[in-house]
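Read through the structure below, which is laid out as C-alpha cells, and then see the notes.
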There are 2 protein chains.
Amino acid sequence: MKFTEAQLEFIQLWGNFGSQWGINKTMAQVHALLLTSEDALSTDDIMESLAISRGGANVNLRELMVWNLVYKTAKPGDRKEFFVAEKDIWEVAKRITRERQRREIEPLMHHLNRLKNVDEADPQSLNFVKTITDIERLVGRMNKTSDTVMKMEENAFFGSIIRLLK
Amino acid sequence: MKFTEAQLEFIQLWGNFGSQWGINKTMAQVHALLLTSEDALSTDDIMESLAISRGGANVNLRELMVWNLVYKTAKPGDRKEFFVAEKDIWEVAKRITRERQRREIEPLMHHLNRLKNVDEADPQSLNFVKTITDIERLVGRMNKTSDTVMKMEENAFFGSIIRLLK
DNA sequence: TAAAACTTTCAGTAATTACTGAAAATAAAA
DNA sequence: TTTTATTTTCAGTAATTACTGAAAGTTTTA
C-alpha cells in the first residue's frame with residue numbers, strides 16, 4: 001500500500017470516527033492530515049489535499065488551535081501561515097479530554113446539581129433524585145478516572161501495577 | 001421546582017448531552033424519560049410525553065433495546081407493550097461502553113492495524129506508522145485501563161492508592 | 001500611502017441525519 | 001376466520017449541521 005493511499009484512508013477513518021463521537025468530521029480530517037504530515041502545511045495545501053474551501057479550512061484550523069491540537073508556524077521567506085499538529089498522542093488525548101471536560105462535562109454537572117432541587121413532596125422525586133445523584137457520581141468519577149488513567153499510564157510504577165490487573 | 005418540570009429539563013439535558021457524544025438525541029430523550037419514570041411506559045405514553053411520532057418512538061425504543069438499556073414488559077389485561085429502563089447507572093455505563101466498543105472501537109482498531117502495511121520505502125511512512133501505532137496503543141490501553149480503574153475505584157485498597165495520585 | 005498577499009467572516013446553500021405519518025405486517029381476540 | 005389492536009416499515013420531508021465562495025478585513029511590502 002502506497003503512503004498517499006494509506007494517508008487518505010486514515011483521513012477518512014479518523015473523520016468518520018470523529019463524527020461518531022461528536023467531533024466535526026472535517027475538523028477531524030484536517031487533524032488527521034496534519035498528524036500524518038512531516039512538514040507544516042499551508043491553508044492552500046490543506047484545501048487541495050482535502051478538497052475543501054478556504055472558509056472551511058480556515059474555520060477548522062482555528063478550531064483545532066482552540067483545542068490546542070494544532071499550532072501556527074512561519075516559514076522564512078514565505079508570507080503564508082503554516083500549520084503543524086501536536087504529534088505526541090498522549091498530549092492529543094489529554095487535550096481533547098480537557099477541552100470536552102471544560103465544554104461539556106462541567107456544564108452537565110452544574111445542571112444536574114441544580115435538578116436535585118426538585119420538590120420532595122412529589123413521590124416520584126425520590127427515584128428522580130437518586131437517578132440524578134447516581135449520574136452525577138458516575139460522570140464525576142469517570143472524569144477523574146480518565147485523568148487518573150493518564151497519569152498512571154505515564155507513571156512507570158503504577159503503569160506496571162495496572163498491567164498486572166488487566 | 002416541580003417534578004414534571006425537573007424531569008422535562010433532565011430529558012432536554014440528556015438529549016443534548018447525548019447528541020454531543022454521537023448518540024441520537026431522541027434516543028437519549030426516550031432513555032431519559034424512562035430512567036426517570038417509576039412505572040413502565042407504553043409507546044403512546046412516550047409519544048405524548050416527548051411529542052414525537054409513533055415511528056420515531058418505535059425505532060428509538062428498539063434501538064435502546066439493542067443497546068440493552070431498555071426492556072419490554074407486559075401489563076396483565078393490556079395488549080400493549082410497556083417499556084422500562086435499566087436503572088443501575090453503573091450497568092448503563094458498562095452497556096454503553098460495551099456497545100460502542102463493539103461498534104466503533106473494534107472496527108477502528110482493525111482498520112488502523114491494516115494501515116500499518118504501508119510501503120516502507122517511502123520516507124514519510126516512518127512517521128505515519130509511528131502515529132498509527134501510537135493511536136492503536138492509546139485506544140487499546142484506554143479501553144482496558146478505564147475498565148481496570150473503574151474496578152479499582154470500587155476497591156478500598158486500590159481506591160485509596162489511586163486517590164493519592166489525584 | 002497604496003497595492004499585494006493573505007486571513008477571516010458570514011449569508012446562502014449543500015449534505016447529512018433522523019423524524020413523520022400512513023400503509024403494511026403481525027398478533028390477539030372474538 | 002374475521003375483526004380489532006398493536007407494532008413495524010419506509011418514502012417523503014423536516015431539522016440540523018457545516019461548507020462554499022466572495023466580500024470585507026488585516027498585515028506586509030514597496
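Below, read A as the first sequence line, B as the second, and so on, with proteins coming before strands; counting in each chain starts at 1.
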Gap between atoms CZ and P, on Phe83(A) and dT7(C) respectively (whole Å): 7 Å

Can a donor-acceptor pair under 3.5 Å be found between the side-chain atoms of Arg79(B) and the base atoms of dT4(D)? yes

Compare the minimum distances between each of dT7(C), dT9(C), dT9(D) and the side chain of Arg54(A), then state the nucleotide with the smallest one. dT7(C)

Once you measure the plane-to-plane angle for Trp14(A) and His31(A), does it fall in the parallel (<30°), tilted (30-60°) or perpendicular (>60°) bin? tilted

If you compare every side-chain N and O of Asn58(A) against the phosphate oxygens of dC19(D) (OP1, OP2), does one of them come in below 4.0 Å? no

Gap between atoms CD and C1', on Gln20(B) and dA18(D) respectively (whole Å): 16 Å

Identify whether the distance between the nearest side-chain nitrogen and carboxylate oxygen of Lys87(A) and Asp134(B) falls below 4.0 Å. no

Anything under 30° is parallel, anything over 60° is perpendicular, the rest tilted; go ahead and classify Phe17(B) against Trp21(B). tilted

Is the CD atom of Glu5(A) crowded by more than 12 outside heavy atoms at less than 6.0 Å? yes

Atom-pair distance (CD1 on Ile52(B); P on dT20(C)), nearest Å: 6 Å

To the side chain of Ser53(B), which of dC19(C), dT8(D), dT7(C) is closest? dC19(C)

Would you say dC19(D) has OP1 or OP2 under 4.0 Å from some side-chain N or O of Thr26(A)? yes

Rounded to whole angstrom units, what separation is found between the CG atom of Asn24(B) and the C1' atom of dT16(D)? 12 Å

Could you tell me the separation between the CG atom of Asp78(B) and the C1' atom of dA28(C), rounded to a whole number of Å? 12 Å

Would you mind reading off the distance between Arg62(B) atom CZ and dT6(D) atom P, rounded to a whole angstrom? 18 Å

Which whole-number value in Å describes the distance from Asn16(A) CG to dT17(C) C1'? 14 Å

Heavy atoms under 4.0 Å, any strand shown: does Ala57(B) hit a base, just sugar-phosphate, or nothing? nothing

Select one nucleotide: of dT7(C), dA18(C), dT6(D), the one nearest the side-chain heavy atoms of Glu81(A). dT7(C)

Residue closer to the 5' end of DNA chain C, Val59(A) versus Ser19(A) (nearest nucleotide): Val59(A)

Write down the distance between NZ (Lys80(A)) and P (dC6(C)), rounded to a whole number of angstrom. 5 Å

Do the side chains of Glu63(A) and Arg103(A) get close enough for a salt bridge, i.e. N-O under 4.0 angstrom? yes

